[in-house]
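Take a look at the structure below.
We name chains A, B, ... by the order of the sequence lines, and we start the count at 1 in each one.
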2 protein chains.
Amino acid sequence: MSDAGGMGRGRATAEMVAQRANVSRISVSRAFNSHTSLKPEKRALILRIAEELNYTPDRAARALVSGRSHLIGVIVPDVCSHWESQEVDALTTALQNEGFATLLFKTRTDYSMDEKLLAYMRGFNPDSVIAFVENVKPTTLAQFLDRAVPIYVHYPHPGEPEPAETGPLHDRLNVLQRPGIEQAVAMLQGYGAKRIAYVSGVERSQANTAREHMLRTVMAERGLAPPTIAVGDFSYDAAYAATIDLFRVGDGADAIFAANDVGAFGVLDALRHELGLRVPEDVQVVGFDDIAQSHWKSYNLTTVKFDLEERVRALVRLILRRLKTPDAPTLHETLQTRLVVRGTVG
Amino acid sequence: MSDAGGMGRGRATAEMVAQRANVSRISVSRAFNSHTSLKPEKRALILRIAEELNYTPDRAARALVSGRSHLIGVIVPDVCSHWESQEVDALTTALQNEGFATLLFKTRTDYSMDEKLLAYMRGFNPDSVIAFVENVKPTTLAQFLDRAVPIYVHYPHPGEPEPAETGPLHDRLNVLQRPGIEQAVAMLQGYGAKRIAYVSGVERSQANTAREHMLRTVMAERGLAPPTIAVGDFSYDAAYAATIDLFRVGDGADAIFAANDVGAFGVLDALRHELGLRVPEDVQVVGFDDIAQSHWKSYNLTTVKFDLEERVRALVRLILRRLKTPDAPTLHETLQTRLVVRGTVG
DNA sequence: GTGGAGAATGAACACGTTTTCATTTTTCGT
DNA sequence: ACGAAAAATGAAAACGTGTTCATTCTCCAC
C-alpha cells in the first residue's frame, strides 16, 4: 500500500529504473546482461540512471530464474589454521574478481556431522563446492547436491598416487610433490643425515598418507632406511609432543621431515626449547607448504613449497570453465613443488 | 520440454512433495515454517516425504519473497592474518549454528576500492554486514545498503574512546582495554621498566590510535614518560624493521608494547636474532590479542587478552536480535580484557 | 440436530528477475 | 524508393516460495 511508486524505502527495482528512463523493464535487464542487442545510447542512459538510483539487479531473483547463485560454497575444518586460511584468502580474492562470492562453512573435526552440513549448505544453492575436508567421498558429496554442481574435494596436501575418484568431477588438479621431496632428501643426505624421521599429520588422511608414501619411496631409491614415524595431526602441539616422544622414548633422529609447516614449528620448538638440541647442527628439519610464517626468523624453515597462488588460480579456472560449459571435456592441470632452502638444514 | 513432471534431474520442488503427499503446495510451505497451524500427522507425512525426496526450500525463492537471504556479509582485509582468521572462524561457527551463512569478501589495503566492493556485496542481499575494515565511516556503508540492514563496523581492536558513530547501527560492543593495559604497565614497571616504547599498527587506524591513547593515559597516570613511538602496520615485517630502527637509530627501550601479537613476534625476533638482546632480561615485551600462536615456545608471549569467543558470541547475539526485532531498543554490551602472563616479561 | 467458533486448507497474488516469442523499427542492397 | 533482412523493443510466461484472504472442515455447546 505504501510501496506504490518510487519511494525511497527499499532498494531500487528494475521497474523504477525503466520508468525513469522511459523504457521497459526488459530493456533494463538487457542493459545489464550485455549479450543481447540494445541501442548503445539507450544502454548508456539506463546505466546512468541505474547508477543514480543505486540499482543493481537483485541476485535472489536472478538466481531464481537463471539457476545460478554465483555463490561458491567452501567447507573448511578450521579457518584459523594457517594453511587453510591462506588458501581461503587466495580463493576468495580470485572468486571475487570473477563475480562470485565465497560462502564459508566450517566443519569441526567431527566428520559425522558432514552430511548434515552438506544438506544445510545445499539450501543456499551454491553453484559449486570446494571442500577442504578429508574422509568425505566425492560420491557422498554428490548425493547431497542436485543439478550438476561440480564438487572439488580439495585435499589439503594432494599428491600421487591419486585417489580413485568416481564422483561427478573429472577435472583434476595434480600436485607433483616428488620434485620437492627429492630435492629435500638429497640435501639432507648431502649434509650427512642417515636416520630420517617423519612427524606425520592426521594418520589416515589422504594428505598424510600421500606424503609419507612419497617420502618413503624417495628414501628407498636413495638407499636410505625407511623413516621412523612419529604420529602427529598437523598441529603444533601434536608435533611438539611427538618430537619429544621420538627422542625421550624412541631412538631420535638426525633429520626430521614434518608433514606440514605448522607441525615443523612444533618440532623446532621441541628440539630447541625442550630437548636442548641445536638446529641444524644436531638435527635438521624440513617442512611442507611454505606458509607465510615460515620465513619468520625464529623458525626460518626449510620447506617444500606449493605455489598456493598459482594453485588457487588453477582451481578457480577449472571451476569457472566447468560452470560455463558443463559438458566440456575433462581437464587435468599439473603443478610442481620445489624446495625452499632456509636455515634448518645444513 | 524435458522438465515436465517429477524427473530426477534438478532438485525437488515443493510442488513435487505436495503431489506425492496428496496435499497442496501451501501445506508443504507450512510444514517448514512451523508457526501456522497444520494437522500434526499431515506435517509428519510431509516432512517424511521431503526427507525422502531430499527436499529443502529453495533459499533464493524464499529470499525473494521474504526479503531475508540469511546471508551475513563479512568484509576482511586479509583472511590469513592471524587475528582476523580466528575471528572469522568463530564468527562462521556461531552464524552457522543460527541458520545463517558467512558471505566472505576481501578488501586489499587499497581502501579506495571499498565503495565498489560494497556495491558488489550489496548485490548478494546480505541481511547484515560485519566489516573488519578501518577507515570506512558507517554512514558510507549505510549509503550503499538498502532496507534497514544493520551494519557492524568491527574495529579490529576497539576501545575507548568510542568513535562517534551516527550510522544506522546503535547497538554497540564495547571492549574495555583499560584493565589489561593497566595490568601490563603495572607489571612492566614493577620489573623496573622505565623507558617503554610502543610499536604501532597502521598509524591512523581506529585500532591503533585507541590503543596508543590508552597506553599513553595509563603511563601518565603512573608517572611514566610518554612512550617512544615506532611505526609499524600490524605486520610481522614492519614491526621487525621498526624495532631495529628503534635501537639502531633511536634510543632503544627497556620495554616494548606492540599493537598486536603478530607485531610482537616481529619485535621479539628483531631483538633476539638481529640485535642480540635477551628477552626479558634486556628488554621486556608485551603484545595485544592473545592469538593462538602466542603460547608457542619460541615466542611464549605475555599479552593483553581479548576473549574472542565471548566477543563473537555477543556480536552474533546483537545481530540476530536486531534482525528479528528491527525496532528493538538500542543495546550496549561490554567486554573486558586482562593480562596473560607468559615468558616475555619479568 | 443445528449454529457457530475455531482450526485446517486451498486459491490467488506477489517478489524481481530472465527468457522466449512476436512485433515494431531501422538498415541496407538493388 | 521498395522489399527484405536485421536489429531493437515490448508483452507474457516462468522460476519456487511466502502471505493474505476466503473457503471448507471439525468439533462442541445448546
Between the protein and nucleotides 5-12 of chain D, which nitrogen or oxygen pairs come in under 3.5 angstrom?
residue	atom	partner	partner atom	Å
D:dA8	OP2	A:Ser37	OG	3.4
D:dT9	OP1	A:Lys42	NZ	2.9
D:dT9	OP2	A:Lys39	N	3.0
D:dG10	OP2	A:Ser24	N	3.3
D:dG10	OP2	A:Ser24	OG	3.1
D:dG10	OP2	A:Ser27	OG	3.0
D:dG10	N7	A:Arg30	NH2	2.8
D:dG10	O6	A:Arg30	NH2	3.2

Check whether any side-chain N or O of A:Ser29 sits under 4.0 Å from OP1 or OP2 of C:dT18, and answer yes or no.
yes
Here the distance between atom P of D:dG18 and atom CZ of B:Phe32, to the nearest Å, is 9 Å
Would you say the side chain of B:Thr107 lies within less than 4.5 Å of the side chain of B:Val76, judging by non-hydrogen atoms?
no
Figure out the CG/P separation between A:Leu64 and C:dG16, and round it to whole Å.
12 Å
Does A:Thr92 have any side-chain contact (heavy atoms from CB on, under 4.5 Å) partners at least two apart in sequence or in another chain, and if so, which?
A:Val88, A:Gln96, A:Thr102, B:Leu104, B:Lys106
Within this structure, what is the CD-to-P distance between A:Glu41 and C:dT25, rounded to whole angstrom?
16 Å
Closest non-hydrogen atom pair between A:Asp127 and A:Arg68, with its separation
OD1-CA, 3.5 Å
Rounded to whole angstroms, how far apart are CZ on A:Arg62 and C1' on C:dG16?
11 Å
Go through the side-chain N and O atoms of B:Thr56 and A:Arg122 and say whether any donor and acceptor fall under 3.5 Å apart.
yes
Calculate the interatomic distance between A:Asp58 atom CG and D:dT17 atom P; express it in whole Å.
17 Å
What is the distance, rounded to the nearest whole Å, between atom CG of B:Asn125 and atom C1' of C:dG16?
10 Å
Report, one pair per line, the protein and nucleotides 22-25 of chain D atoms (nitrogen or oxygen only) whose separation is under 3.5 Å.
none

Identified side-chain contact (heavy atoms from CB on, under 4.5 Å) counterpart of A:Tyr55 within the set A:Ile49, A:Ile46, A:Val28
A:Val28
Check side-chain contact (heavy atoms from CB on, under 4.5 Å) between A:Ala60 and all other residues, then give those that pass, not counting sequence neighbours.
A:Asp58, B:Ala63, B:Asn125
Could you check how far CD of A:Glu15 sits from P of C:dT17, rounded to whole Å?
9 Å
Could you tell me if the side chain of B:Val74 sits less than 4.5 Å from the side chain of B:Leu103, heavy atoms only?
no
Crowding at CD, B:Glu51 (>12 non-hydrogen neighbours, <6.0 Å)
no
Nearest-angstrom distance from the residue atom CZ of A:Arg68 to C1' of C:dT19:
16 Å
At what distance, to the nearest 0.5 angstrom, does CZ of B:Arg62 lie from OG of B:Ser69?
12.0 Å
Could you list all the salt bridge (Lys or Arg N to Asp or Glu O under 4.0 Å) pairs where at least one residue sits in residues 93-103 of chain B, not counting sequence neighbours?
none
Describe, as an angle rounded to 10 degrees, how the axis at the first end of the helix from C:dG1-D:dC30 to C:dT30-D:dA1 is tilted relative to the axis at the last end, five pairs per end.
30°
Approximate separation, where rounding is to 0.5 Å, of A:Arg30 CZ and A:Lys42 NZ:
10.0 Å
